[in-house]
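First comes the structure, then the notes that go with it.
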Number of protein chains: 4
Amino acid sequence: MAKLQKSIEKRNALIQATISLVNNNGFHATPMSKIAKMANVSPATIYLYFENKQDLLNKVYIEVKQAFTSYVFTNYTPDTPVADGFKLIWNRIADFKLKEMEEALFLAQCDNTPIIDETSRQEGLIHLQPLLDLWKRGQEEGILKPMSPYLLYAYSINPLSFLMVMQNRGAFKLNEETLEEAFQAAWNSISI
Amino acid sequence: MAKLQKSIEKRNALIQATISLVNNNGFHATPMSKIAKMANVSPATIYLYFENKQDLLNKVYIEVKQAFTSYVFTNYTPDTPVADGFKLIWNRIADFKLKEMEEALFLAQCDNTPIIDETSRQEGLIHLQPLLDLWKRGQEEGILKPMSPYLLYAYSINPLSFLMVMQNRGAFKLNEETLEEAFQAAWNSISI
Amino acid sequence: MAKLQKSIEKRNALIQATISLVNNNGFHATPMSKIAKMANVSPATIYLYFENKQDLLNKVYIEVKQAFTSYVFTNYTPDTPVADGFKLIWNRIADFKLKEMEEALFLAQCDNTPIIDETSRQEGLIHLQPLLDLWKRGQEEGILKPMSPYLLYAYSINPLSFLMVMQNRGAFKLNEETLEEAFQAAWNSISI
Amino acid sequence: MAKLQKSIEKRNALIQATISLVNNNGFHATPMSKIAKMANVSPATIYLYFENKQDLLNKVYIEVKQAFTSYVFTNYTPDTPVADGFKLIWNRIADFKLKEMEEALFLAQCDNTPIIDETSRQEGLIHLQPLLDLWKRGQEEGILKPMSPYLLYAYSINPLSFLMVMQNRGAFKLNEETLEEAFQAAWNSISI
DNA sequence: GATGAATGAGTATTCATTCAT
DNA sequence: CATGAATGAATACTCATTCAT
């Protein structure tokens, strides 16, 4: 029991170290040895938990993406009215990006870079379905513009990533006021 | 003259090779030797034009960014009415992302990654001033929401990057129709 | 008793695994972990039976060599006439190489390679004495050429190793006919 | 010109170092770094001349084998009478094993071990054809036993490898007398 | 200017071996 | 006895950079 516990902790430490180092230095400047050191294990130990560096990265990506979607859809049920549902989900996304900035930044980097395997990328996408369903419902009800979900995502969700990156670089501050402005912009862009 | 010409051509070949390789393989999988090979020069030759790999990357970034802004503001004059001016600029940006996809993808990767020096990043920003001025004018005229330019950018400009990346991955198609939808979403998000 | 039995079985499994893996992949590509896996034990268990990898290899060599000589001299008694005795022993050697090919191939590889300690090699040799005695007798009786036993061995015994390796590589077939030819060649080379 | 010369010298130094180290320590205990050190180059330099460790080994094997066969058939012409021809070739083989012991030992190790690629092994064989032709002629003339060339090789040629290994281990001495005995044994084993 | 050969300093990965359980 | 997890010490191989020509 204690052993399993320790094993899980080590794996998590590796994942956290990877996120942190890739965020700060980029994938190309994140050697396995540094990850090991930050996680307080030997480099060889990484290979007990992950097949190789690419596998480590893929697995971290998938798990962070799952944590993200899991966080996002907490409290949401498919019978929530469209406008309320969208606001709920949007706020959870914003919350996640603010509270789990490391994870969110990591995702942003992976999503704009060819460092993740295509299959892992796909695997990360499937859990977004409830949002797509919500949008479809909104379109059927005539509340949302009849556009491709990619457009809906590009204008209502993705901007948060940009804003978070800017906040991380110290150029911009996400607070109650700017978040409200952001939500209005998001809603205006997709609602009829 | 012929010599200078050849020199410039070599430099351009190096820049193009860097863009192409970083796009396809990521920075971490783009060795100098490959760049040299693709540009048909010796690895040593790179160091006649750039100080080192980081310098090469920074310079490529800055030049591509300049090409981008230069393209974007062609035909635009500061006395254009706000709505027309925004539409003009927005369309040029969309144009660039469609016609110079390699360059645009490269910028998207650099902008979400810690591979570019902060100073180079700043240098890439300064040429965006005309757009910021336009927005300020629009806000003074009560046409645009009185938000931070970061918010304006996040919602009216940045989504195009996301859409382009998606198009590049084969998931989405930017055509006359979707571009029009995109523009409406952009305008709705920032206009009062 | 059952415990001792199991212990012996494990040790044998380790020896067999070592032989098989070294034969197929060579010593350099035979990690302890693979040996353990093939023998269905933990890597750590190997060290309960052998001091280290070198010791494992030496012990395997010695035991296989003993199995070989023991097999070879079964039914042979020192009072057998020289010609009969040689034929008897030669046939047993040929038999062993055909029936215990794994073991024989392992010996061939060890005998031509610096992977076995010199002392272990010596230890493997001592049990060949009956053959040396037979040869001495044959020379005293004027039946065998008065040559160094190394020459006798090189021409009458060692060729079987070569033929077995060739058969293992699929290039040659040892059957009743070729074995008879081989024996004639062997006998012709050493008899007066 | 001087550059090409140096290049060839470096390559040869690498080959010699490989032979020497593999002979003394075995393939498994011959790291690239040691080979580099012995050849007075950087480890990275090896990879300018050979693709990887396996390629290095294969190439060394092939070149040594070619040197061997080339040495062996010097002075031999296909019209030499069978007995004379065999004696000539046999002596050259013995000569090579005595004078180029390092090379010969290396071949012996490679020939009894799965460290060489099968294709490289095949490539090493093709140059032995003149000997096979000689044997065929001898069989047609009724001088040699009508056996498989593998048997002829096993009994008339291969024993020299064994004797050389023994001499290298200090157990046996190849001199004029023992060489003559060896030749007689070889000839007796294959001649009618 | 231009180059190709050369390399030192890494880097991912492996593996023999140990040790707490 | 037996083990699986852990690791330090290699090891093959890469790559940004240099330098003699």
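Nothing here was measured: the structure is a model prediction, and the numbers come from that model. Chain identifiers are assigned alphabetically (A, B, ...) following the order of the sequence lines, protein sequences preceding nucleic acid strands; residue numbering begins at 1 within each chain.
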Please set out all donor-acceptor pairs under 3.5 angstrom arising from side-chain atoms of residues 38-45 of chain A, sequence neighbours excluded.
residue, atom, partner, partner atom, Å
A:Ser42, OG, A:Ala44, N, 3.2
A:Thr45, OG1, A:Ser42, O, 3.4

Can you pull out every salt bridge (charged side-chain N to carboxylate O under 4.0 Å, His left out) where at least one residue sits in [range]? Sequence neighbours excluded, please.
{"range": "residues 22-37 of chain C", "value": "none"}
{"range": "residues 106-126 of chain C", "value": "C:Lys65-C:Asp111, C:Glu118-C:Arg121"}
{"range": "residues 8-29 of chain B", "value": "B:Arg11-B:Glu63"}

From the options F:dT7, E:dT7, E:dA2, select the nucleotide whose nearest atom is closest to the side chain of D:Leu48.
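Taking heavy atoms from C-beta onward, the closest nucleotide is E:dT7.
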
Please report the distance, rounded to the nearest Å, between [atom1] in [X] and [atom2] in [N].
{"X": "B:Arg11", "N": "E:dG1", "atom1": "CZ", "atom2": "P", "answer": "12 Å"}
{"X": "D:Phe50", "N": "F:dA12", "atom1": "CZ", "atom2": "C1'", "answer": "16 Å"}
{"X": "A:Ile46", "N": "F:dT7", "atom1": "CD1", "atom2": "P", "answer": "10 Å"}
{"X": "C:Leu56", "N": "E:dA16", "atom1": "CG", "atom2": "P", "answer": "10 Å"}
{"X": "D:Lys6", "N": "E:dG4", "atom1": "NZ", "atom2": "C1'", "answer": "14 Å"}
{"X": "D:Lys10", "N": "E:dG4", "atom1": "NZ", "atom2": "P", "answer": "16 Å"}

May I ask you to say what D:Tyr49 touches in the nucleic acid, namely base, sugar-phosphate or nothing, with a heavy-atom cut-off under 4.0 Å?
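Touches sugar-phosphate only.
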
Which is true for C:Lys34 with a 4.0 Å heavy-atom rule: it touches a base, it touches only sugar-phosphate, or it touches nothing?
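Answer is nothing: C:Lys34 stays at 4.0 Å or more from every strand.
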
Could you work out, with salt bridge (charged side-chain N to carboxylate O under 4.0 Å, His left out) as the rule, every residue matching C:Lys59, not counting sequence neighbours?
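Expected list: C:Asp55.
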
Watson-Crick and G-U pairing of DNA chain F written in dot-bracket, each distance under 3.5 angstrom, with | for inter-strand partners:
.||||||||||||||||||||

How would you list, by chain and number, every residue that makes a side chain to side chain contact (heavy atoms under 4.5 Å, CB included) with D:Thr30, sequence neighbours excluded?
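D:Leu21, D:Val22, D:Asn25, D:Ile35.
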
When the nearest nucleotide of DNA chain E is assigned to D:Ser7 and to B:Asn40 on a heavy-atom basis, which residue is associated with the more 5' position?
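Comparing both residues, the 5'-ward one is B:Asn40.
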
Pairs in or reaching into residues 29-58 of chain A: which pass ring-ring contact (aromatic ring centres under 6.0 Å, His included), with residues at least two apart or in two chains?
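Matches after skipping sequence neighbours: none remain.
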
Where at least one partner belongs to residues 7-27 of chain D, residue pairs that pass ring-ring contact (aromatic ring centres under 6.0 Å, His included), sequence neighbours excluded
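Sorted pair list: C:His28-D:Phe27.
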
Could you encode protein contacts along nucleotides 16-21 of chain F as a string, one character per nucleotide from 5' to 3', using B for base contact, S for sugar-phosphate-only contact and - for no contact, with a heavy-atom cut-off of under 4.0 Å?
SBBB--

Among D:Leu107, D:Val64, D:Leu105, find the residue that satisfies the side-chain contact (heavy atoms from CB on, under 4.5 Å) test when tested with D:Ile19.
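Per the side-chain contact (heavy atoms from CB on, under 4.5 Å) rule, the option paired with D:Ile19 is D:Val64, out of D:Leu107, D:Val64, D:Leu105.
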
Which pair of non-hydrogen atoms, one from A:Met32 and one from A:Asn52, has the smallest distance, and what is that distance?
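What the structure gives for the nearest pair is CE-C, 4.2 Å.
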
Side chain to side chain donor-acceptor pair (under 3.5 Å) with B:Glu103: which residues, sequence neighbours excluded?
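Side chain to side chain donor-acceptor pair (under 3.5 Å) list for B:Glu103, sorted by chain: B:Gln16.
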
Using a cut-off of strictly less than 4.0 Å between a heavy atom of the residue and any atom of DNA chain F, enumerate the qualifying residues of residues 12-28 of chain B by number.
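Under 4.0 Å from DNA chain F: no residue of residues 12-28 of chain B.
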
